[in-house]
Amino acid sequence: MVQYCCMQKNTQTMDKIISLCKQRGFIYPGSEIYGGLANSWDYGPLGVELKNNIKQRWWKRFVQDRDDMVGLDAALIMNPRVWAASGHLSNFSDPLVECKKCHMRFREDDDGIAAVASTLPRNDRSESVIASEAKPARSWPPFGRQSRNQKHCPQCGGELTQPKQFNLMFKTFIGPAEESADVVYLRPEIAQAMFVNFANVLRTTRKRLPFGIASQGKAFRNEITPGNFIFRTREFDLMEFEYFIDEKDWKKWFEYWQKEMKDWITKDLGLNPKKVHEVEVPKEDRAHYSKRTIDFEYEYPFGQKELYGLAYRADFDLKNHMKISGQDLQYTDTESGEKFVPHVIEPTFGADRSVLAAMVEAYHEEEVDGETRAVLKLPKWLAPIKVAILPLSKKDELAKAARPIYDELRQYFVCEYDETQSIGKRYRRQDEIGTPYCVTVDFESLDDKMVTVRERDSMKQERVGIKELHNYLVDKLV
Ligand code: GAP
């Protein structure tokens with residue numbers, strides 16, 4: 001008998017998800033054999049499949065299936081003048097205060113003071129401590145926040161210095177001489193490459209407005225307070241497009257992309273619409289380039305926080321790049337011959353936050369015959385492994401029947417072959433990693449040429465002919 005217990009998505013749940021991720025190979029603590037590096041995480045064999053599934057589906061939906069979108073994969077390190085034009089050099093910062101007594105540094109935040117997360121090895125600290133040590137708060141937008149000028153250190157009560165602006169861009173050097181002339185930055189957002197290549201793309205694709213340039217890749221921010229597992233890290237994957245429009249149409253396109261984003265979140269990623277909130281960001285909290293911003297927030301176990309953002313960047317970036325580079329980045333209307341700088345709507349999707357929200361939404365615990373089963377009820381397209389082939393025992397004759405099934409199915413789906421441990425334990429393992437279908441080959445299969453297919457969520461089992469198995473699974477999975 002299956003009894004569904006109402007899971008409380010709280011910090012305990014977060015600990016369980018972090019532990020599952022580590023035990024099953026989704027996500028490991030970064031540099032673990034050296035004691036780790038706080039808030040850095042490595043995607044393991046299953047995690048990389050899951051994140052790739054998100055990136056590929058996003059790319060298909062928003063780029064390949066549309067006539068008005070093209071892709072770009074740009075260099076991570078750009079000419080530093082890019083960051084002068086974008087405003088990041090002068091403004092991409094958080095207020096930092098230091099305790100005059102213990103010299104701990106903190107980020108001064110809207111609702112108090114947030115402690116700086118340690119970058120030292122984590123050694124004996126528990127996952128929950130690591131997850132909660134840094135108070136997550138937004139570092140972006142950098143403008144408009146009012147300092148509260150807290151006077152005392154939350155650690156020792158010592159007096160705090162006045163806030164200093166701390167630029168969040170990672171600096172490095174081109175070439176062997178570490179001189180200021182050779183300073184470059186790891187990109188803090190992926191958007192700028194799409195602005196910088198606007199004229200190239202326009203010329204080579206001959207697209208007309210409205211059209212978009214899409215990109216995926218890493219961004220780097222020297223966050224003062226990273227934390228909450230992969231929610232806020234110093235390097236993270238973004239999926240984003242700049243959608244170029246005529247200024248007069250901006251409201252229409254903003255609403256259009258708002259609906260598209262919601263659709264992706266609830267229908268593709270499978271998040272519960274009740275846990276997704278569209279929050280209008282007030283002017284004083286918006287990034288300097290934005291004339292309107294909506295944040296999509298999700299109810300994570302650690303609170304309602306940002307998942308994605310949608311911004312109307314107007315002509316801020318193209319205009320500034322024109323000014324600083326001296327290049328003409330205008331668009332010419334083919335009918336009227338009018339020249340103008342296009343405006344931009346920018347939907348941004350954090351890939352790591354997509355992974356986190358999908359895992360949180362999918363994680364369930366159920367009581368089955370007096371035992372608790374943990375199951376990841378991921379949408380089938382998102383599951384890292386689609387089919388597990390499980391010979392009932394390690395006996396040679398079963399392997400001889402099961403291997404060819406595995407060899408055939410893996411041509412179409414990501415499959416796993418597993419013959420160790422009891423079948424019950426193997427089912428539990430596949431449930432925990434979210435595998436939608438398990439195919440069991442038993443001794444009867446040798447005579448009747450049929451296998452047992454078990455479905456993850458209902459745990460229902462069905463006998464299916466080996467010859468029909470491929471079509472059966474295509475119907476269910478594709
Ligand atoms: N080009 C606009 C831009 O980058 P943003 O609001 O700074 O906008 C966009 O960031 C998205 O990037 C956020 O909605 C979130 O999904 C993700 N993100 C931002 N900072 C992050 C961090 N430190 N760790 C993980 N994801 C982050």
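Everything numeric in this text was worked out from a predicted model, so none of it was measured. Note that ligands are numbered from 1 as they come in the structure, with each ligand's atoms numbered from 1 the same way.
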Check ligand 1 against [X] and write out every atom of the ligand that is under 4.0 Å from a heavy-atom position of the residue.
| X | answer |
| --- | --- |
| Gly309 | 14 (O) |
| Leu307 | 14 (O), 15 (C), 16 (O) |
| Tyr308 | 14 (O) |
| Glu346 | 1 (N), 2 (C) |

Any N or O of [X] closer than 3.5 Å to N or O of ligand 1:
| X | answer |
| --- | --- |
| Gly350 | yes |
| Ala191 | no |
| Arg232 | no |

Which residue is it: Glu346, Glu255, Glu280? I am looking for the one with a salt bridge (Lys or Arg N to Asp or Glu O under 4.0 Å) to Arg292.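 Single pass found, and it is Glu280.
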
Hey, can you tell me if Trp41 and Phe229 have their rings parallel, tilted or perpendicular (30° and 60° cut-offs)?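 Aromatic pair Trp41/Phe229 classed perpendicular.
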
What class does the angle between the rings of Tyr243 and Trp257 fall in, given that below 30° is parallel, 30 to 60° is tilted and above 60° is perpendicular?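 Because their plane-to-plane angle is over 60°, the rings of Tyr243 and Trp257 count as perpendicular.
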
Taking the non-hydrogen atoms of [X], is any one of them nearer than 4.0 angstrom to ligand 1?
| X | result |
| --- | --- |
| Tyr289 | yes |
| Phe231 | yes |
| Thr233 | yes |
| Asp295 | no |

Per [atom], closest listed option by heavy atom ([options]):
| atom | options | answer |
| --- | --- | --- |
| atom 17 (C) of ligand 1 | Asp237, Leu238, Val281, Asp317 | Leu238 |
| atom 3 (C) of ligand 1 | Arg353, Arg221, Arg313, Glu297 | Arg221 |
| atom 1 (N) of ligand 1 | Gln192, Arg187, Glu240 | Glu240 |

If you define the side chain from C-beta out and look only at heavy atoms, does anything of Tyr43 sit under 4.5 Å from Glu49?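 Tyr43 vs Glu49: side chains apart.
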
Look at Lys262 together with Glu278 and state whether they make a salt bridge at an N to O cut-off of under 4.0 Å.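 Salt bridge present between Lys262 and Glu278.
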
Checking Lys339 now: which residues fulfil salt bridge (Lys or Arg N to Asp or Glu O under 4.0 Å) with it, not counting sequence neighbours?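 Counting only residues at least two positions away or on another chain, Lys339 forms a salt bridge (Lys or Arg N to Asp or Glu O under 4.0 Å) with Asp328.
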
Tell me, yes or no, whether the heavy-atom count around Lys218 atom NZ, taken from other residues, nucleotides or ligands under 6.0 Å, exceeds 12.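 Atom NZ in Lys218 is packed in, count exceeds 12.
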
Kindly state whether the ring of Phe241 and the ring of Trp58 have centres lying under 6.0 angstrom apart.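 So the answer is yes for these two rings.
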
Do any N or O atoms from the side chain of Thr205 and from the backbone of Val201 form a donor-acceptor pair under 3.5 angstrom?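 Side chain of Thr205 to backbone of Val201: a pair is present.
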
